[in-house]
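Since the structure comes first, as structure tokens, the remarks are kept for the end.
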There are 2 protein chains.
Amino acid sequence: MKKNDRNLYLTNINVDEAVKKYIDKFKDRINNPDTEKIEVIYSLGRVSADPIFAKYSSPNYNASAMDGIAVIAEKTYQASENNAVRLINVDDYMLVDTGDPIIEPYNAVIMIEDVEEIDENTVEITKAASPWQHIRPIGEDIVANEMIIPIKHKIRPVDIGALLSGGITKINVYKKPTVGIIPTGTEIVEPGSKMEIGSIIESNSRIFEGLTKEYGGIPNRYSPVVDNYNKLKKKIMQSVKENDITIINAGSSAGTEDYTVNIIRELGEVIVHGIASKPGKPAILGVINNKPVMGIPGYPVSAYLVFDIISREIISRYQGILPEKPITIEALSSRRIVSSLKHREYVRIKLGKVGDKLIATPLNRGAGVTMSLVRADGVLIIPQNSEGVEAGEKVNIQLYKNLDDVENTIVSIGSHDLIMDMFSNYIHKSNSKYNLSSAHVGSMGGIMSLRRKETHISPIHLLDENTGKYNISFIVKYLNNMNIVLVKGIKRIQGFMVNKNNPKNISNFIDIANNDIIFVNRQKGAGTRLLTDYMLKKNKISASNIIGYEREMTTHMAVAAAVASGSADVGVGVYSAAKAMGLDFIPISEEEYDFAIPEEYLKDNKIQLFIEILKDKDFQTEIVKLGGYKFEEAGKLIKVKDNN
Amino acid sequence: MKKNDRNLYLTNINVDEAVKKYIDKFKDRINNPDTEKIEVIYSLGRVSADPIFAKYSSPNYNASAMDGIAVIAEKTYQASENNAVRLINVDDYMLVDTGDPIIEPYNAVIMIEDVEEIDENTVEITKAASPWQHIRPIGEDIVANEMIIPIKHKIRPVDIGALLSGGITKINVYKKPTVGIIPTGTEIVEPGSKMEIGSIIESNSRIFEGLTKEYGGIPNRYSPVVDNYNKLKKKIMQSVKENDITIINAGSSAGTEDYTVNIIRELGEVIVHGIASKPGKPAILGVINNKPVMGIPGYPVSAYLVFDIISREIISRYQGILPEKPITIEALSSRRIVSSLKHREYVRIKLGKVGDKLIATPLNRGAGVTMSLVRADGVLIIPQNSEGVEAGEKVNIQLYKNLDDVENTIVSIGSHDLIMDMFSNYIHKSNSKYNLSSAHVGSMGGIMSLRRKETHISPIHLLDENTGKYNISFIVKYLNNMNIVLVKGIKRIQGFMVNKNNPKNISNFIDIANNDIIFVNRQKGAGTRLLTDYMLKKNKISASNIIGYEREMTTHMAVAAAVASGSADVGVGVYSAAKAMGLDFIPISEEEYDFAIPEEYLKDNKIQLFIEILKDKDFQTEIVKLGGYKFEEAGKLIKVKDNN
């Protein structure tokens, strides 16, 4: 290994500065984007490259605005309730439908409801018509030569209608920029390929494809290129030739096989390598043949954010528009979020309307966690000059979802169980406008969230060492100033999850306190962790004798995955997780997984829906089928205060 | 004419009730929409028909989270600043890039920045590694069998990435409903066809095409059908056979040629004919062969609204989703808006942020005015049980545009001139984030808007009969409590607009007071109206001697159009309007078209931009080219208080 083979030294340029510097390189193109002439009927979503002026007026004749009769106003002046006036066909009136032309000598319209038919050629009216009544004059909608849409206007369905009505059939629009997307890396495989140890499914390029379409560009994805300088160079040259913009994914950092920056340097110029952004630092902003060539980091969240912040800006401006500014709302941060002064940080956020407060809870901050983007309701941007936010502080969140969806969300923070996924699904299936957001911080984490009024519901399974009973005593102890109702949930079996046929022959906690056995634990505050600690104490085993006691996972499935992958021999969890990962399961105990809910929320429709589903027989049958679950008193309400 | 040939009697069903009743007819299909299996990479914007669970974990092996070396943590424990530990290649460490698998016996990663190279096979470290540091454990992002997206989820680019990472390549989604669109009417012609008196360009179907795409359906437009019962019936039968949903445009009302309702009745069932909506009353909600068949009124605004309210609901639900709820904001109504208790009214609204108040100003309420939709920033819904809103009342506006665009809008309310269109264009062309919204209510209307603090700018040309001077005295009189600056604009020539070669030989106002001459006027409060009245008074002519004095148009172009169409012989307006409509122009006088602006807004960037453009030589040249304009002191500021 030669250290100088690596691009160790990335710059740390402020994000806005980097974007400005980069955009500036392409100002000629941006000030004068390429145009093309297209049919108006195919112009939806395109951007006008000229102001468009009407060719015809609309209507282009004086038109009846009603179904009725066209009359000569002067001949109706004598008509009144007491003095019906008779009109004779053609001389005095003519039958007209809405939109029919009003021609001389007629100069007013009387609606059909006000006309009494006498015979085929005679009508009677009892109300005078004023000149021009119920007539749409020429140009009422559009006057010839008036501007229908300005330049740089993104064309909507209604604009298409107005343009056609104004006699326009073709318009100049800016060309959609083409975006070449090159996935790289020897380790990446196409979706659907055979997976080996070290294989990573190539997915970022498909995210870029989708985003490119959403931003108005035309994606042009190439097959993945292995980590080879010359092969990558050839592909970059091809893409630069074939596209307006080129994106190279992964290989933008400082590893031994990160060739992108050197290739761009060889073929053109590197404007920026390294931006003060977390995630997203190792971005490369380059130019080859006057075209933007960007190296985007491989971690999915970094990739998404760099594309969204920088590539979007270029794709938009190449069509003559600015990126649409995201909708921002104010919320209260439920946690302290520490950030470094070295960079701007993008924190994915889950939002929930609890009571009348909008609560922002940070999701996993790892750059590799795509699911944090999938689950996010928005993003909190912590500026470079800030050390973060305090719990309870007001923060601005850029929305990824409609605020309405956020307000219709049942917020659950607490222990994790598969049942929460099933709930979410059941709600969606019922065509309900509500949805469930479930954050997994363990049972004690849930209790704390209830205290901070961040959640509607907290799923808990907390074993009281003294009474051997579940949940109630914890609510009494930690939520003593609140009116909490415990909604009975499910009984579930906790056990050891071990590999098929239990190769290490584990049957109890004493077996685990063995140098030969690697354990994987749950995080502090998880009910399962409490159960583990309770069992260790009961068996008088010290945690220091358990190898892997410190390695913490936040869900049952993550524990099961660790065992299935061989990085641990055993973990504690529920049957359904073991079954899903093809593991054997050795039962330890049956526990009560219930829902703590502040009483005031019980009258909320969405909370009522939650409890209804819990009691739903079809739902229960589906859960029981998973194995390891029992329903006994599901949906029963226990007012905790009354019970103590 | 037989009255009973017409469908005179429409019902007046509450809109929500009508939708509910209609939706209910298709509940089987809505509860169980058709599905299809597609590739994940083509699933952008589609709606999941199942919950999707991960097939693989991601990463599916323990992966290095850094570029660096994989080590055995236990062998590093002695390392410290004072005690460098040497590690030997393969036995103690292995070089890894981000994403490389960490295989036994290695169990931690040290980042490359913390490694000192000694020789090709030896490194030194001065910091201990803890087990599992800088390793992304299996399933850190996605755990096999966990739910990636629930059922009925609209797929975004990031969901595609997560699905692929989770090993999913194909998914079940709901089919996009096909929407047959049938334009009808003997009077309609395809865009680009020769126009005759009575021809209407068919454009609504193209609006429906665009909206259908935006709502996730597949439009299938048919050629227009003439008003003939059998031809229309045949086309409806064809569309019902070929599509999930059929839309028939125009002919939904009660005219002699409105066949739609009878055809639906013959072939199926009419559920609703007539909804309590303005615009949009004569909607037909029908069923043929268990499929929705809707008759949508022909006026473009009615057509748009009925499609948006009712057809959208069906198109969305046929894909398993609900229509996205529009974003709503609170604003102050600048006017009294009267509405009937008989219907719900949809009022198109122009919004402006003036000072710190968001002001909602109603646009033209005519059902035929497409441009009111093109120009609208949003819509105010006045409920059926309300008689309207008062000026200054708080109202909720459903946004058609990004609120940000609204806040970047320069609001101009006052007199109309082509210069305002040119301004709007110049701003867009400069890549500015700002835009100009120009409402035409005449000069006095502009003054009143300034008083009510509804506008940033008011273009005025008000002639003081006593002094013969323009504008200043009106500001002093009507805006005496405000600090107003008059920004000098342009000088323009007002004159008579007459047909080519002046066939009625008009040269002054005396010529107009003649039974043989039909005049067309501007609305009360327009500067041009004041000029007309001033000239009539000067010539001692009574308005009652002018035929057409009562017929009011709101723009110069509308007056010119009336003359060009022959519905009037003469009107007063500016040269550019006459020229644009191919009319002759007989000058009357030169007037001063200036901008009244509250002093406090002068420091606002967008107002500064406005004044800069006014002074811009290129801009002035472009205007002067139109003819009839002169720039003398453009952009000069006159503090009105100081001048009196």
Side-chain angles (χ1 to χ4, degrees), chain A residues 1 3 41 44 51 57 61-62 67 95 97 99 101 117 132 136 138-139 141-143 145-147 150-152 157-162 164-165 169 187 191-192 197-198 201 203 206-207 210-211 255 257 300 325 368-371 373-374 404 421 424-425 428-429 551 557-558 561 565 567 580, chain B residues 1 3 41 44 51 57 61-62 67 95 97 99 101 117 132 136 138-139 141-143 145-147 150-152 157-162 164-165 169 187 191-192 197-198 201 203 206-207 210-211 255 257 300 325 368-371 373-374 404 421 424-425 428-429 551 557-558 561 565 567 580:
Chain A
M1 176 199 65
K3 232 180 180 178
I41 58 173
L44 184 65
S57 294
Y61 56 91
N62 296 313
D67 295 330
L95 195 60
D97 276 337
E117 188 182 2
W132 296 96
R136 295 181 65 204
I138 291 186
D141 187 355
I142 300 169
V143 180
N145 294 306
E146 100 173 287
M147 186 171 69
I151 191 172
K152 298 196 177 181
V158 70
D159 300 318
I160 292 177
L164 295 174
S165 295
T169 54
E187 71 286 5
I197 286 291
I201 297 173
S203 61
R206 303 302 186 173
I207 299 184
L211 291 174
E257 289 162 354
K325 215 174 149 182
V369 184
T370 321
M371 289 305 289
L373 277 171
V374 171
D404 207 56
D421 282 354
S424 167
N425 226 17
H428 276 86
K429 225 159 66 181
R551 190 167 161 217
M557 289 297 266
S565 76
S567 81
Chain B
M1 177 199 64
K3 230 180 181 176
I41 57 172
L44 184 65
S57 294
Y61 57 90
N62 296 315
D67 295 329
L95 194 60
D97 276 336
E117 188 182 1
W132 296 96
R136 296 182 64 204
I138 290 185
D141 186 355
I142 301 169
V143 180
N145 294 306
E146 100 173 286
M147 186 171 68
I151 191 174
K152 298 194 176 180
V158 70
D159 300 318
I160 292 178
L164 293 174
S165 295
T169 54
E187 71 285 7
I197 286 292
I201 297 174
S203 61
R206 302 302 185 172
I207 299 185
L211 292 173
E257 289 161 355
K325 217 175 149 184
V369 185
T370 322
M371 288 306 288
L373 278 171
V374 170
D404 207 55
D421 282 354
S424 167
N425 224 19
H428 277 86
K429 226 161 64 182
R551 191 166 162 218
M557 288 296 266
S565 76
S567 81

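Letters A, B, ... are given to chains in the order of the sequence lines, protein chains preceding strands, and every chain is numbered from 1.
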Option in [options] with maximal non-hydrogen atom pairs under 4.5 Å from chain B:
options: P300(A), A561(A), A162(A), P51(A); value: P51(A)
options: I41(A), I160(A), I142(A); value: I41(A)
options: P150(A), G198(A), G210(A), G139(A); value: G198(A)
options: G99(A), G192(A), G368(A); value: G368(A)
options: N425(A), V143(A), L211(A); value: N425(A)
options: L373(A), I151(A), D159(A); value: I151(A)

Self-check item: Polar side-chain atom of R206(B) near backbone of L164(A) as donor-acceptor pair, under 3.5 Å
Solution: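 Not a single qualifying donor-acceptor pair exists.
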Is it the backbone or the side chain of [X] that comes under 4.5 Å from a heavy atom of chain B, or both, or neither?
X: D421(A); result: both
X: L44(A); result: side chain
X: T169(A); result: side chain

Practice problem: Check whether the side chains of S165(B) and S203(A) place a donor and an acceptor atom closer than 3.5 Å, and report yes or no. | Solution: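 Result is yes, a qualifying pair exists.
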Exercise. Grab the two heavy atoms, one from D141(A) and one from M371(B), that are nearest each other, plus how far apart they are.
Key: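 Nearest pair, atom of D141(A) first, then M371(B): OD1-N, 3.0 Å.
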Quiz item: What pair of heavy atoms forms the shortest contact from Y61(A) to I197(B), and how long is it?
Solution: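 Looks like CB-CD1, 3.9 Å.
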Quiz item: Is chain A contacted by the side chain of D404(B), its backbone, both, or neither, given a heavy-atom distance below 4.5 Å?
Solution: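 It is the side chain, since no backbone atom gets that close.
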Quiz item: Heavy-atom distance under 4.5 Å to chain A: side chain of N62(B), backbone, both or neither?
Solution: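 Side chain only.
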Practice problem: I would like to know whether E187(A) and D97(B) meet side chain to side chain contact (heavy atoms under 4.5 Å, CB included); could you show each step before the answer? | Solution: CA-CA 11 Å; E187(A) 71 286 5; D97(B) 276 336; over 6 Å; no
Quiz prompt | Intermediate values then yes/no, side chain to side chain contact (heavy atoms under 4.5 Å, CB included), S57(A) and E146(A) | solution = CA-CA 9 Å; S57(A) 294; E146(A) 100 173 287; over 6 Å; no
Quiz item: Taking the side chain as C-beta and beyond, is there a heavy-atom pair between S567(A) and R551(A) under 4.5 Å?
Solution: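 Result yes, sub-4.5 Å side-chain heavy-atom pair found.
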